[in-house]
Amino acid sequence: MDAHSAFMFLLALIHLLLQISARDFLSPGSSLSVERSSDVLYSPDGTFTCGFYNISPNSSIFAVWFSNSAEKTVVWSANLGRPVYTWGSKIKLNIDGNMVLQDYGGQIVWTNNVSSSNVQEARLLERGNLIVKGQGDTILWQSFASPTDTLLPNQIINGTIKLVSSTSSNRLLVPGHYSFHFDDQHLLTLFDDEKDISFIYWPNPFINMWAKKRISFNTTTLGVLDSSGHFLGSDNASFMAADWGPGIMRRLTLDYDGNLRLYSLNKTDGTWLVTWMAFTNLCFVRGLCGMNGICVYTPKPACVCAPGHEINDPSDLSKGCKPKFTISCDRKQKIRFVKLPTTEFLGYDQSTHQQVSLSTCKNICMSDCSCKGFSYWQGNGNCYPKSSLVGGVTSQSLPGSTYLKLPEALKVPESSIPRSQPSGRQYGPNCSAENQYSIANFSDISRSGQSESRFFYFYGFLSAIFLIEVILIALGWWFILRMEGRQLTGVWPAESGYEMITSHFRRYTYKELQRATRKFKEELGRGASGVVYKGILKDKRAVAVKKLADISQCEEEFQHELSVISKIYHMNLVRVWGYCSDGPHRMLVSEYVENGSLDKKLFGSEASQTLLEWKQRFKIALGVAKGLAYLHHECLEWVIHCDVKPENILLDDNLEPKITDFGLAKLLNRGGSNKNVSRIHGTRGYIAPEWVSSLPITAKVDVYSFGVVLLELLKGSRVSEWAKTEDEDDEVEKVLRRAVRMLAENVKLQEDSERSWITNFIDSRLNGQFNYLQARTMIKLAVSCIEEDRSKRPTMENVAQMLLSVDEENIIT
Ligand SMILES: *[C@@H]1O[C@H](CO)[C@@H](O)[C@H](O)[C@H]1NC(C)=O
Ligand SMILES: *[C@@H]1O[C@H](CO)[C@@H](O)[C@H](O)[C@H]1NC(C)=O
Ligand SMILES: *[C@@H]1O[C@H](CO)[C@@H](O)[C@H](O)[C@H]1NC(C)=O
Ligand SMILES: *[C@@H]1O[C@H](CO)[C@@H](O)[C@H](O)[C@H]1NC(C)=O
Ligand SMILES: *[C@@H]1O[C@H](CO)[C@@H](O)[C@H](O)[C@H]1NC(C)=O
Ligand SMILES: *[C@@H]1O[C@H](CO)[C@@H](O)[C@H](O)[C@H]1NC(C)=O
Ligand SMILES: *[C@@H]1O[C@H](CO)[C@@H](O)[C@H](O)[C@H]1NC(C)=O
Ligand SMILES: *[C@@H]1O[C@H](CO)[C@@H](O)[C@H](O)[C@H]1NC(C)=O
């Protein structure tokens with residue numbers, strides 16, 4: 001026997017001895033100690049090991065790992081984020097079945113909370129599941145029910161299970177901000193959980209359910225990776241390993257970079273190969289580069305700050321960048337736009353404009369102080385002003401460019417403008433230190449140095465396999481879908497806000513809302529659809545909770561209507577955060593708007609209220625027009641408000657209007673088809689004549705009501721009040737008709753005689769402080785909106801355009 005084989009024999013012997021001294025199970029009353037390396041449990045075939053795993057010389061976690069991978073790959077851990085000392089710590093199975101992890105001083109770090117009288121043992125099963133077993137084959141507790149960042153084959157993911165990424169590439173430190181679980185619509189989803197808001201980034205939030213090939217609202221929430229490498233979820237989420245087939249050890253891990261990857265173990269050398277991943281282009285993972293950051297494919301993903309911004313925390317690129325400038329809202333500061341070619345930022349569209357010129361788009365962004373820049377598509381003239389720059393990506397597959405709003409005085413070097421170079425040189429070395437690109441540390445996904453080259457080889461191989469997928473993702477995301485939105489008017493615009501909404505929109509329990517509103521104490525108002533209360537949610541958000549009266553729909557219909565409402569997002573519409581459907585209780589939870597409703601501000605007694613100035617009135621008219629235009633023309637589904645009136649127009653702290661109570665017309669509909677909105681829904685004085693005749697109800701009823709609101713804004717009093725001053729007995733409708741006829745005649749008059757009658761008509765409290773051109777336009781609009789023949793009324797889109805054309809902010813510059 002030569003020295004080598006003697007050595008091998010010795011090694012085998014040691015291994016055997018270790019195997020013998022290791023246990024198969026842990027009986028009640030016994031424990032595993034952190035110091036003895038033999039204190040571990042093996043699964044029956046030795047694939048998995050359970051015990052203490054050192055993450056640094058002084059700290060350990062209690063974990064389950066693969067015995068045969070080159071580096072022990074941890075698949076589950078009890079105390080991620082709270083390691084124990086590598087000295088004196090132990091895990092003990094108490095006689096009541098409670099497993100307790102103790103740190104060296106005896107502090108309890110983790111327990112499985114079991115309390116049972118018939119405990120048999122703790123055991124690691126063949127598939128990597130650590131269980132506490134009772135008499136018979138009952139399972140009192142199992143690690144499969146609380147996974148960390150990894151799912152093993154045959155391990156179920158259901159509605160209560162959640163994978164959370166870790167913050168760094170060694171996977172063993174602290175839970176990170178990406179998670180994978182079923183969402184409110186029962187879809188398997190990847191979330192980017194930011195401080196107080198979660199974003200969905202997979203499946204692509206910008207596409208509709210049909211394109212996702214998923215099934216929502218199937219209450220069976222279940223997903224499993226089978227032993228052949230095929231994953232299937234109850235929502236039809238489905239994918240397959242590239243090396244599909246039996247006999248290969250796999251794991252599905254939500255990596256620290258937010259990508260969900262399926263790995264296969266190469267038995268020969270114990271390395272892991274990626275055989276499927278949610279994103280082939282990592283740049284499309286959400287939140288990689290943070291606020292004001294842009295991900296550039298070079299061809300490795302790298303983070304860079306948008307020009308004029310500087311990095312917040314060089315050690316954590318996902319914390320993004322902060323601006324080096326301030327933009328003041330007065331018009332004195334000179335502004336310019338810097339073009340970032342083939343760059344897009346996800347979501348946060350303030351509005352959507354189609355077939356407009358670049359200069360129009362610039363003006364839209366220029367006139368809105370909160371606009372940070374806009375995305376513009378040269379080909380079809382799509383214009384998307386942005387309120388925040390999040391999820392930036394530069395990629396040559398993107399058809400649009402972003403124009404960043406910067407002070408003219410700020411110098412921006414050409415070198416700080418990101419350019420994607422899929423096959424060119426990498427960024428970094430030559431840039432001046434100030435504008436250097438930070439190459440994100442994404443290269444160490446496969447952990448052993450030896451396997452790295454193989455990983456990249458395989459990565460290339462995979463890229464080839466998924467070439468079609470890459471094209472689909474890159475093009476499909478940005479091009480086909482926006483094109484689709486253009487052809488089928490209304491698909492894209494609604495979807496643009498969809499991402500934020502779905503991640504926010506959730507179901508609340510009755511108890512939660514009861515607590516939030518302190519047992520429905522503070523009433524904000526009441527209307528035909530129900531009573532509204534003020535509440536404060538656990539996360540300190542102020543909300544308005546509306547108890548819906550008279551909902552006779554079944555749960556499913558209710559859910560459907562809500563799924564429509566949940567997708568509606570516009571700055572001039574009150575944001576709906578969620579709902580409650582708990583036994584007999586049906587409620588809507590929406591944002592709380594600071595300044596109450598328009599009627600109180602406009603018609604309130606003079607003493608208690610500050611007068612709404614002209615500028616504010618015009619802004620309100622324009623905002624309401626924009627909000628209604630969005631509901632009528634841009635929503636995924638056609639929504640008629642049916643009850644436009646000052647009570648349903650709320651004002652935020654900037655006196656920006658927000659329409660509330662939209663989408664309720666269908667909810668409150670008692671039976672009948674969707675199109676057949678219940679009769680007489682509106683409010684006297686604001687309802688169009690077709691409500692009382694038997695004509696079908698269209699969006700034009702809102703145009704009519706808007707016309708009345710316009711008149712009230714101009715005159716500063718309610719139409720119903722006009723009736724009182726003229727003739728007690730006259731009906732509101734008659735008085736209104738007379739007023740409109742008078743106005744219509746006057747509008748036709750010549751310039752010079754005009755001034756006096758307009759001044760007479762406008763709210764006298766304004767003391768003649770109003771913009772003549774705007775007033776004239778508003779009167780003309782109101783007259784045409786209140787046309788009895790609805791085909792003669794303009795659409796809300798026309799109305800918004802007319803108002804925009806006389807908006808001062810547009811005329812200057
Ligand atoms: C581990 O603990 C020892 C003793 O407390 C200490 O001297 C040593 O610096 C620690 N090592 C690390 C890497 O923290
Ligand atoms: C055990 O109970 C504690 C306190 O209720 C809880 O924080 C902990 O998460 C529970 N552990 C498990 C494994 O459920
Ligand atoms: C989810 O699965 C775990 C274990 O696989 C189980 O303990 C738990 O009860 C399941 N939850 C639901 C809601 O089915
Ligand atoms: C389910 O997924 C498969 C494959 O992705 C797809 O062909 C099928 O159309 C989907 N079914 C539905 C109902 O979307
Ligand atoms: C829900 O999903 C389960 C599991 O995939 C399936 O068996 C069931 O038929 C689905 N139900 C509906 C209503 O689609
Ligand atoms: C597994 O590793 C061996 C040795 O490094 C290598 O020859 C083989 O090609 C690998 N298998 C796969 C599928 O990559
Ligand atoms: C960048 O570096 C390369 C080689 O390192 C050099 O050829 C090139 O001229 C440099 N570019 C600039 C702008 O300095
Ligand atoms: C990337 O991460 C690895 C492992 O965490 C580390 O060793 C390496 O220094 C990092 N590289 C950079 C450039 O930060």
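One-based numbering, in listed order, for ligands and for the atoms of each. In this text, all values refer to a predicted model and were calculated from it rather than measured experimentally.
- When side chains are defined from C-beta on, F144 does not count as touching L125, because their heavy atoms never get closer than 4.5 Å.
- Within a 6.0 Å sphere centred on CG of D137, heavy atoms belonging to other residues, nucleotides or ligands number 12 at most.
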Ligand 2: which protein N/O atoms lie under 3.5 Å from its N/O atoms?
| unit_1 | atom_1 | unit_2 | atom_2 | d |
| --- | --- | --- | --- | --- |
| ligand 2 | 2 (O) | N113 | OD1 | 3.1 |
| ligand 2 | 2 (O) | N113 | ND2 | 2.3 |
| ligand 2 | 11 (N) | T111 | O | 3.2 |
| ligand 2 | 11 (N) | N113 | ND2 | 2.9 |

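- Neither the backbone nor the side chain of Q155 comes within contact range of ligand 3; no heavy atom lies under 4.0 Å.
- By the 4.5 Å heavy-atom criterion applied to side chains, Y178 and N259 are not counted as neighbours.
- For the pair D103 and R82, the salt-bridge criterion is met [side-chain N within less than 4.0 Å of a carboxylate O].
- Look at D149 and K162 and you find no salt bridge, because none of the NZ, NE, NH1 or NH2 atoms lies under 4.0 Å from a carboxylate O.
- Of the heavy atoms in T271, none comes closer than 4.0 Å to ligand 6.
- Atom numbering of ligand 3 starts at 1 in the shown order; those under 4.0 Å from a heavy atom of T160 are 1 (C), 10 (C), 11 (N), 13 (C).
- Close approach of ligand 6 to N266 (heavy-atom distance below 4.0 Å) involves ligand atoms 1 (C), 2 (O), 3 (C), 8 (C), 10 (C), 11 (N), 12 (C), 14 (O).
- The aromatic rings of Y85 and Y104 sit tilted relative to each other, their planes meeting at an angle between 30° and 60°.
- Residue I95 places its CD1 atom among 12 or fewer non-hydrogen atoms of other residues, nucleotides or ligands, all under 6.0 Å distant.
- Between F217 and H186, the ring planes are perpendicular. Angles over 60° get that label, and only those under 30° would be called parallel.
- Of all the atoms in ligand 6, the ones that sit under 4.0 Å from a non-hydrogen atom of T268 are 1 (C), 2 (O), 3 (C).
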